[in-house]
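Please read the structure below before turning to the comments.
Side chains are part of it too, since the values below use all heavy atoms of this structure and drop only hydrogens, waters and symmetry mates.
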Amino acid sequence: MKISDHRKVFTVRKKILLASKLMGVILVLSCVFFTRLPFSSDASLMIWLLFVVVLICVIDLWMAQVISKPVSELNDAASRMANLDFSRFCRVAGQDELGELSHSLNVMAGSLQKAFEELEQANIKLEQDIEKKKRLLAERKELVDNLSHEMKTPLGVIRAYAEGLQDETDDAKKQNYYKVIIAETERMSNLITTLLDLSALEYGAADLQPERFDFVELLETVAGRLLIDAPDTCFELQYELPDLPVYVDTDKSRMEQVLNNLIVNAKRNVRSGGILRLLLREHDGMLDVSIYNQGHPIAQENLSKIWTKFYRDNNTDYSGSGLGLAIVAQILSMQHLKYGAVNRPDGVEFYFSIPTTDLHKMASITET
């Protein structure tokens with residue numbers, strides 16, 4: 001902010017001129033005054049000279065206070081700013097050029113400090129963007145490597161059976177070859193579809209569509225389709241479900257996907273003749289879901305890895321894509337739901353918890 005011209009009454013130049021004129025007047029008057037004192041001329045001269053010395057000291061102190069000290073303060077402030085130190089502003093005040101220069105330096109220091117802070121924030125954001133880009137590149141490389149590995153087997157099988165068709169004359173064997181090729185093609189298609197679905201969830205391209213539904217009914221439907229009606233059942237199914245409906249408010253299709261993946265995972269890992277147990281328990285406004293299968297335990301250090309893409313436990317015969325549990329983790333994480341896996345005696349338990357809907361509150365809303 002520039003000092004207005006009408007405020008520049010006592011500029012430095014005017015102060016010096018006024019001080020010099022005032023000093024000249026004082027010297028002349030003092031000389032006349034001291035020469036008329038009733039003393040000898042030598043004594044009067046000595047007294048006048050002593051007065052002049054005192055006057056010079058007073059003027060010097062005044063000049064130091066008005067000019068030298070502010071200039072020194074301005075020089076120190078400019079040196080600090082030259083070293084990019086904006087922690088302390090210049091403290092020179094006044095309605096002259098030095099005060100205006102102090103104010104201008106402080107404004108410049110504030111602007112530079114703000115600019116440096118903005119630049120620092122921009123650098124931090126740039127570093128984050130670079131780090132994010134590096135992470136995305138690493139994820140893409142990992143995805144390509146995993147896809148290459150996953151596609152290698154079905155493509156090899158398809159090629160082998162396609163080449164076998166060229167020389168095969170037996171119609172029965174040809175039909176079998178066709179079935180294998182179709183099955184491997186569907187396997188690749190399902191892998192790509194699942195991977196695209198997981199990517200959409202991870203990057204926010206797929207939103208959840210909450211609705212109120214009975215979770216017990218949903219579990220019974222999914223379990224019935226995957227377990228009870230399955231012709232290749234070779235395990236003992238146990239379940240403990242609430243007698244009354246338990247309502248939740250979430251995306252029904254996504255929760256069906258979670259249950260489907262967890263039950264398929266348990267079915268593929270339960271040992272022959274072992275127990276596969278489904279458990280629903282309601283308490284304190286939460287519904288605990290547990291799916292247990294007898295079988296090989298998961299190494300403790302690998303429990304946190306099973307939720308990552310394309311991970312497989314080498315101790316199991318699981319032959320899936322390695323994406324099912326990753327989708328489960330993503331869907332549950334999007335809803336901030338607690339989930340996990342833990343080794344139990346002679347088996348593994350997968351679990352998660354979901355808030356229930358207050359039936360009394362919903363009933364009162366419906367009646368209203």
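Counting heavy atoms from C-beta on, the side chains of Leu259 and Leu226 never come closer than 4.5 Å. Inter-residue side-chain proximity for Ile354 and Met286 is flagged as unmet; no heavy-atom pair is nearer than 4.5 Å. By the 4.5 Å heavy-atom criterion applied to side chains, Phe235 and Asn293 are not counted as neighbours. Side-chain contact between Leu276 and Tyr239 is absent, with no heavy atoms from C-beta onward closer than 4.5 Å. Considering only heavy atoms from C-beta on, Phe215 comes within 4.5 Å of Val289 through its side chain. The shortest side-chain heavy-atom distance between Arg159 and Glu163 falls under the 4.5 Å cut-off. Inter-residue side-chain proximity for Asn302 and Lys305 is flagged as met; some heavy-atom pair is nearer than 4.5 Å. Met188 has its side chain within reach of Leu155: a pair of non-hydrogen atoms, C-beta onward, lies under 4.5 Å apart.
Ion pair Lys125/Asp129 flagged as a salt bridge, since at least one NZ, NE, NH1 or NH2 atom sits closer than 4.0 Å to an Asp/Glu carboxylate oxygen. A salt bridge between Arg271 and Asp346 is present, with a side-chain N of the basic residue lying under 4.0 Å from a carboxylate O of the acidic one. Ionic pairing of Arg277 and Glu240 is not present here: no N-O contact between side-chain nitrogen and carboxylate oxygen is shorter than 4.0 angstrom. Taking 4.0 Å as the cut-off between side-chain N and carboxylate O, Arg344 and Glu349 count as a salt-bridged pair.
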Take Asp197 and Arg254, measure what salt bridge (charged side-chain N to carboxylate O under 4.0 Å, His left out) needs, and give me the verdict at the end. CA-CA 11 Å; Asp197 187 30; Arg254 289 298 181 182; 3.0 Å; yes

Before you tell me yes or no, could you show the steps for Val216 and Leu287 under side-chain contact (heavy atoms from CB on, under 4.5 Å), namely the whole-Å CA-CA distance, both residues' side-chain angles and the distance that decides it to 0.1 Å? CA-CA 10 Å; Val216 179; Leu287 180 65; 5.7 Å; no

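Applying the side-chain hydrogen bond (donor to acceptor under 3.5 Å, both in side chains) rule to Asn176 yields no partners; only residues at least two apart in sequence or on another chain are considered. With sequence neighbours left out, Asp251 forms a side-chain hydrogen bond (donor to acceptor under 3.5 Å, both in side chains) with Ser253.
There is no path of hydrophobic side-chain contacts, each under 4.5 Å, that joins Tyr292 to Val222. Linking ILVMFWY residues whenever their side-chain heavy atoms come closer than 4.5 Å, directly or via other members, leaves Leu227 and Leu279 in distinct clusters. Taken together through direct or relayed side-chain contacts under 4.5 Å among Ile, Leu, Val, Met, Phe, Trp and Tyr, Leu49 and Leu55 form part of one hydrophobic cluster. Two different hydrophobic clusters hold Ile26 and Val58 under the rule that ILVMFWY side chains link at heavy-atom gaps under 4.5 Å. Connection of Met334 to Val258 is established within a shared hydrophobic cluster, with ILVMFWY side chains joined at heavy-atom distances below 4.5 Å, either directly or through further cluster members.
In summary, the side chains of His296 and Asn269 do not present any donor paired with an acceptor at a separation below 3.5 Å, with no hydrogens or angles considered. Side-chain polar atoms of Asp249 and Thr357 form no donor-acceptor pair below 3.5 angstrom. In summary, the side chains of Gln238 and Glu236 do present a donor paired with an acceptor at a separation below 3.5 Å, with no hydrogens or angles considered.
For the atom pair Arg281 CZ and Leu241 CG, the distance stands at 11.5 Å (nearest 0.5 Å). Atom NZ of Lys174 sits about 10.5 Å away from atom OH of Tyr177, to the nearest 0.5 Å. Atom CG of residue Leu208 and atom CD1 of residue Ile331 lie 7.5 Å apart, to the nearest 0.5 angstrom. The line from CD1 of Ile56 to CG of Leu61 is 12.0 Å long, rounded to the nearest 0.5 Å. Between the CG atom of Leu337 and the OG1 atom of Thr250 there is a distance of 7.0 Å, given to the nearest 0.5 Å. In this structure, Glu220 CD and Leu280 CG are separated by 8.5 Å, a value rounded to the nearest 0.5 Å.
Tested against Tyr339 for a ring pair (Phe, Tyr, Trp, His ring centres under 6.0 Å), the candidates Trp307, Tyr351, Phe352 yield a single pass: Trp307. Only one option out of Asn265, Ile298, Val270, Val342 pairs with Val348 in a side chain to side chain contact (heavy atoms under 4.5 Å, CB included); it is Ile298.
Residues Ala266 and Ile291 share a closest heavy-atom pair of CB-CG2, 3.7 Å.
Judged by distance alone, with hydrogens and angles left aside, the side-chain atoms of Asn261 form no donor-acceptor pair with the main-chain N or O of Val328 at under 3.5 Å. Counting only distance, with no hydrogens or angles, the side chain of Thr356 and the backbone of Gly285 share a donor-acceptor pair below 3.5 Å. For Lys252 (side chain) and Pro210 (main-chain N/O), no donor-acceptor pair under 3.5 Å exists by modelled atom type. The backbone N or O of Pro245 lies less than 3.5 Å from no partner atom in the side chain of Asp214, so there is not a single donor-acceptor pair. Of the possible donor and acceptor atoms, one in the side chain of Gln294 sits under 3.5 Å from a partner among the backbone N and O of Ile275. Within the 3.5 Å criterion, the main-chain N or O of Glu256 finds no donor-acceptor partner in the side chain of Asn260. Between the side chain of Ser189 and the main chain of Thr185, no donor-acceptor pair closer than 3.5 Å is present.
Heavy atoms of other residues, nucleotides or ligands lying less than 6.0 angstrom from CE of Met46 number 12 at most. Counted within 6.0 Å of OH on Tyr161, heavy atoms from surrounding residues, nucleotides or ligands total 12 or fewer; the atom is thus considered open.
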Which side-chain N or O atoms in residues 116-123 pair as donor and acceptor under 3.5 Å with protein atoms at least two apart or in another chain?
| from | atom 1 | to | atom 2 | distance (Å) |
| --- | --- | --- | --- | --- |
| Asn123 | ND2 | Leu119 | O | 3.3 |

